[in-house]
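In what follows, chains carry the letters A, B, and so on, assigned in the order in which the sequence lines appear, proteins first and then strands, with residues in each chain numbered from 1.
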Number of protein chains: 2
Amino acid sequence: MCNAGRIIVNNKAESMAMADDETRAPRVDAPVLDGHRPTRPTLKTIAYMTGLGITTVSRALNDAPDIGADTKKRVRLVADQIGYRPNRAGVRLRTGKTNVISLILSLDEEILGLTTQMVLGVSEALADTGYHLIVTPYDRIKDPLDPVRYVVETESADGIILSSTRENDPRVQYLLDRGFPVATHGRTGLGPVHPYFDFDNETFARIGVEQLHARGRTRISLIAPPSTYFYSQHMIKGFVDAMEKFELLEIPIRSLTIDDPLDTIHSEIERLMHSKHRPDGIICGNVSSALTAAVAIENAGLKVGVDVDLVTKHSAELIRRVRPEIFVINEDFRKAGNFLARALIETIAGKSAAELQFLDVPE
Amino acid sequence: MCNAGRIIVNNKAESMAMADDETRAPRVDAPVLDGHRPTRPTLKTIAYMTGLGITTVSRALNDAPDIGADTKKRVRLVADQIGYRPNRAGVRLRTGKTNVISLILSLDEEILGLTTQMVLGVSEALADTGYHLIVTPYDRIKDPLDPVRYVVETESADGIILSSTRENDPRVQYLLDRGFPVATHGRTGLGPVHPYFDFDNETFARIGVEQLHARGRTRISLIAPPSTYFYSQHMIKGFVDAMEKFELLEIPIRSLTIDDPLDTIHSEIERLMHSKHRPDGIICGNVSSALTAAVAIENAGLKVGVDVDLVTKHSAELIRRVRPEIFVINEDFRKAGNFLARALIETIAGKSAAELQFLDVPE
DNA sequence: ACTATAATCTGAAACGTTGCAGTATTTTCT
DNA sequence: AGAAAATACTGCAACGTTTCAGATTATAGT
């Protein structure tokens, strides 16, 4: 039973004293070699080499319960030795499993480094899983459902990661309706039914206000994300709550959002700086608005860190270097990507979504 | 011969006066329906609906020469109507064509937005081609050949786009040896054998020097890329040539490269600013070094744009806004990605590389 | 000794596609 | 009219994998 260490070419021969030629002959034909280069090994190659059937080899590699331990070991050895890698097209055709994760990104996400960091985080998580990452950016002008529908209709991935989520995100709804695995960067209003990773923008805004308060600032503005994004509400809530708590005065620039053209942000802030009731602290929903605001403030003859304090959030170290006078709260997109990829894979494997939701609380 | 406008269910029936039931019966069984949801259409579905053979449908959709024009039209109509999309796994298994482009990026490319812009450009070019984009970042610590080998060995893409190319890039050599389509961001020293898109860093440096000269600067430094990158040579050549032409004095900081940690760059520049022979102009090989240098200069009590001028190159608009006093020459990564994707597809289609090389000359 | 049971292994079929080697039918040529 | 050639269509097989329903042998139970 235990014949470890012994080299067995064909373990059937033993019990067959009068074995005829048929028995010794491999049950599978040798794979045809094309030109001169060695062709890529398949199950057939291994079957031929081990003298086993293709089915057995397949089951052995997949650790099926009805294959002998010795056989498994032997098959694995040969497979490793010749560098066997399952043919993805074969698996996909047979099982429908693509081993692909689709990352769908809005083009607006050029928020310095979001794309890069997300891709990195996701790749990191996927590295040893056999999953490939396919990235699809989409135009904000086009229907955001398009790329999602494409993936579902062509069955070109096992799961989707979405960003820029809305409270009632039709893309997420579409996917949930069809039972298609999805993980989102940002919460939706749909409850514990899909995995997500969200930065706690409420806490971010609260901390921002606290910081400004601690620096003695009293008249504070917020450049929020457009109200179409769910996280806009969170940020505003954190802001308002903290403002009330410290009894500070909000200088409203609610018409302005971080998605406005930088020119608009610039001129609006510059105008504000010249007004009698200018703020002495601004919380900026993203980096580009913060950097733009900084320039506008200086254009107005004021100094960031002296006359006005700025708070924002970001992932990249660079910003602290470029504008050390801006308070930066860390938001880690890479961590987000990493978490989402892992969560999505677990979802595909059947795990329930409730345990795969993460709120990243800053500080 | 011409029966346009007439609806033909089975064009065979016409010539068969005494057609028995066999003739009218479709030659292909109806595709089995699983649950309640309509199953995804395949060639078989169309064959059943049109009464044609599977082969005919396939050939009709692929515009084969031996299929009648009417049939083609009819098949296409049905296919479009029911939203047929070829099964990628089927095609891939049969033909070996993956319809995938692999973009392999070095992690260091966090150069603000390079990844994002490249991905965008590539996606843009791939949008209507049926190609998918799979992105693989890799660690600079690991063997850069790893991801390349993986793609080749598992045949998981039809072509590869590489960045951070070296003069004698082993990855490119590896791919060329195996006849695997590759396009590179940046030239190599291998000649007109593979497509590339390169930014003309020689011209960039020359223009930089000219700009500084025009502003009356005479003592100039260059923060170059590490000499391992081929484009480092180009940049240095452009720099040196122009310096000689205008008889300017180089203040060498050759030990410093754009890949050094930002802390190093910062302290080195600050130190330099305090030295007796400080430069009054610096050309920075990338944005992060330029931004870092700007802060260092101010830390030393000097003013960018007044005491020292900075020149750099970049893709994103943001930088001009954050630091309007820095000269920025435009390097369009998106264009690069777009070109490379197109070039790669043409290479896969068999076009010769010589026509697919592009040098992007600034200004 | 004879049968149920467990333990291993197996070929056939199928997933969707395309290249090959045909088969009918019609048209053209002599 | 008869042969040759062109036109339009088609089965079959194969790509590499896994599921299914056995098949074979050894083991245990009576």
Side-chain angles (χ1 to χ4, degrees), chain A residues 1 10-12 14-16 23 26-29 31-32 34 39-48 50-72 74-75 84-99 154-155, chain B residues 1 3 8 10-12 14-16 23 26-29 31-32 34 39-48 50-75 79 84-99 154-155:
Chain A
M1 194 180 255
N10 185 334
N11 53 8
K12 214 152 228 176
E14 292 180 89
S15 51
M16 287 276 197
T23 311
R27 29 191 92 252
V28 169
D29 287 343
V32 260
D34 49 10
T39 181
R40 189 172 157 208
T42 69
L43 291 179
K44 196 172 181 179
T45 319
I46 302 178
Y48 178 70
T50 54
L52 295 163
I54 294 180
T55 304
T56 313
V57 174
S58 169
R59 313 214 72 217
L61 290 173
N62 290 324
D63 202 31
D66 64 349
I67 302 294
D70 297 355
T71 305
K72 280 182 189 171
R74 198 157 62 95
V75 168
Y84 167 75
R85 315 269 206 138
N87 179 309
R88 308 191 122 233
V91 176
R92 181 166 169 178
L93 184 57
R94 176 64 232 239
T95 65
K97 184 124 205 292
T98 63
N99 285 299
T154 62
E155 291 159 35
Chain B
M1 193 183 257
N3 36 27
I8 302 177
N10 185 333
N11 54 9
K12 211 150 230 177
E14 293 179 87
S15 51
M16 287 277 197
T23 311
R27 31 190 90 254
V28 170
D29 286 344
V32 262
D34 48 9
T39 181
R40 190 172 157 208
T42 69
L43 290 179
K44 195 172 182 178
T45 319
I46 302 176
Y48 178 71
T50 53
L52 295 164
I54 295 180
T55 304
T56 312
V57 174
S58 169
R59 315 214 71 218
L61 290 173
N62 290 324
D63 202 31
D66 63 350
I67 302 294
D70 296 355
T71 305
K72 282 183 187 170
K73 213 173 290 175
R74 197 157 63 96
V75 168
Y84 167 76
R85 316 268 207 138
N87 179 309
R88 307 191 123 233
V91 176
R92 182 166 167 177
L93 184 57
R94 175 66 233 241
T95 63
K97 184 126 204 290
T98 63
N99 286 298
T154 63
E155 292 160 34

S.K.: Starting at CG of A:N87 and ending at P of D:dA14, how long is that distance when rounded to a whole Å?
M.R.: 17 Å

S.K.: Return the set of residues passing side-chain hydrogen bond (donor to acceptor under 3.5 Å, both in side chains) with B:T95 (not counting sequence neighbours), or none when no residue passes.
M.R.: none

S.K.: Return a table of donor-acceptor pairs under 3.5 angstrom between the side chains of residues 57-68 of chain A and protein atoms on other chains or two or more places apart.
M.R.:
from  : atom 1 : to    : atom 2 : distance (Å)
A:R59 : NH1    : A:D66 : OD1    : 2.6
A:R59 : NH1    : A:D66 : OD2    : 2.7
A:N62 : ND2    : A:S58 : O      : 3.2
A:D63 : OD1    : A:K72 : NZ     : 3.0

S.K.: Within this structure, what is the CD1-to-P distance between A:I67 and D:dT19, rounded to whole angstrom?
M.R.: 12 Å

S.K.: Figure out the CZ/P separation between A:R40 and D:dA14, and round it to whole Å.
M.R.: 20 Å

S.K.: Strictly below 4.0 Å, heavy-atom distances to any atom of DNA chain C: list the hits from residues 56-66 of chain B, or just say none.
M.R.: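 Correct list: B:S58, B:N62.
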
S.K.: If I take atom CG in residue B:N99 and atom C1' in nucleotide C:dT17, what distance separates them, rounded to the nearest angstrom?
M.R.: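 Rounding to the nearest Å, CG of B:N99 and C1' of C:dT17 are 12 Å apart.
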
S.K.: Can you list the residues that meet the side-chain hydrogen bond (donor to acceptor under 3.5 Å, both in side chains) rule with B:N87, with sequence neighbours excluded?
M.R.: none

S.K.: Show me the pairs that pass salt bridge (Lys or Arg N to Asp or Glu O under 4.0 Å) and involve residues 88-98 of chain A, at least two apart or across chains.
M.R.: A:K97-A:D158

S.K.: Would you classify D:dG11 as syn or anti? Syn applies when the glycosidic angle is within 90° of 0.
M.R.: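 That one's syn.
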
S.K.: Which pair of heavy atoms, one from A:V91 and one from A:P86, lies closest together, and at what distance?
M.R.: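 The pair with the smallest heavy-atom distance is CG2-CB, 4.3 Å.
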
S.K.: Identify the two heavy atoms, one from B:R40 and one from A:T154, that lie closest to each other, and give their separation to 0.1 Å.
M.R.: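 Closest pair (atom of B:R40, atom of A:T154, distance): NH1-O, 3.3 Å.
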
S.K.: Without decimals, in angstroms, what is the distance between A:L93 CG and C:dT18 P?
M.R.: 12 Å

S.K.: Rounded to the nearest 0.5 Å, how far does CG of B:L43 lie from CG of B:L52?
M.R.: 11.5 Å

S.K.: Find the distance B:I46:CD1 to C:dT18:C1' and express it as a whole number of Å.
M.R.: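 About 15 Å, once rounded to whole Å.
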
S.K.: Over all heavy atoms of both residues, which pair between B:I46 and B:A79 is shortest? Give the atoms and the distance, please.
M.R.: CD1-CB, 3.7 Å

S.K.: Start at the 5' end of DNA chain D and walk down; is the nucleotide closest to B:R94 or to A:I54 reached first?
M.R.: B:R94

S.K.: Can you tell me the Watson-Crick or wobble partner of D:dA1, both distances under 3.5 angstrom?
M.R.: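 In the structure as shown, D:dA1 has C:dT30 as its Watson-Crick or wobble partner.
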
S.K.: How many whole angstroms separate atom NZ of A:K44 from atom P of C:dA12?
M.R.: 13 Å

S.K.: Specify the angle, to 10°, made by the local axes at the two ends of the helix from C:dA1-D:dT30 to C:dG19-D:dC12 when five pairs are taken at each end.
M.R.: 60°

S.K.: Could you state the atom-to-atom distance from NZ of A:K72 to P of C:dA7 in whole Å?
M.R.: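 It is 12 Å, rounded to the nearest whole Å.
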
S.K.: How close do A:T50 and A:R74 get, heavy atom to heavy atom, and via which atoms?
M.R.: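 It is O-NH1, 3.5 Å.
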
S.K.: Closest-nucleotide mapping onto DNA chain D: is B:T55 or B:T95 further toward the 5' terminus? I mean the 5' end.
M.R.: B:T55

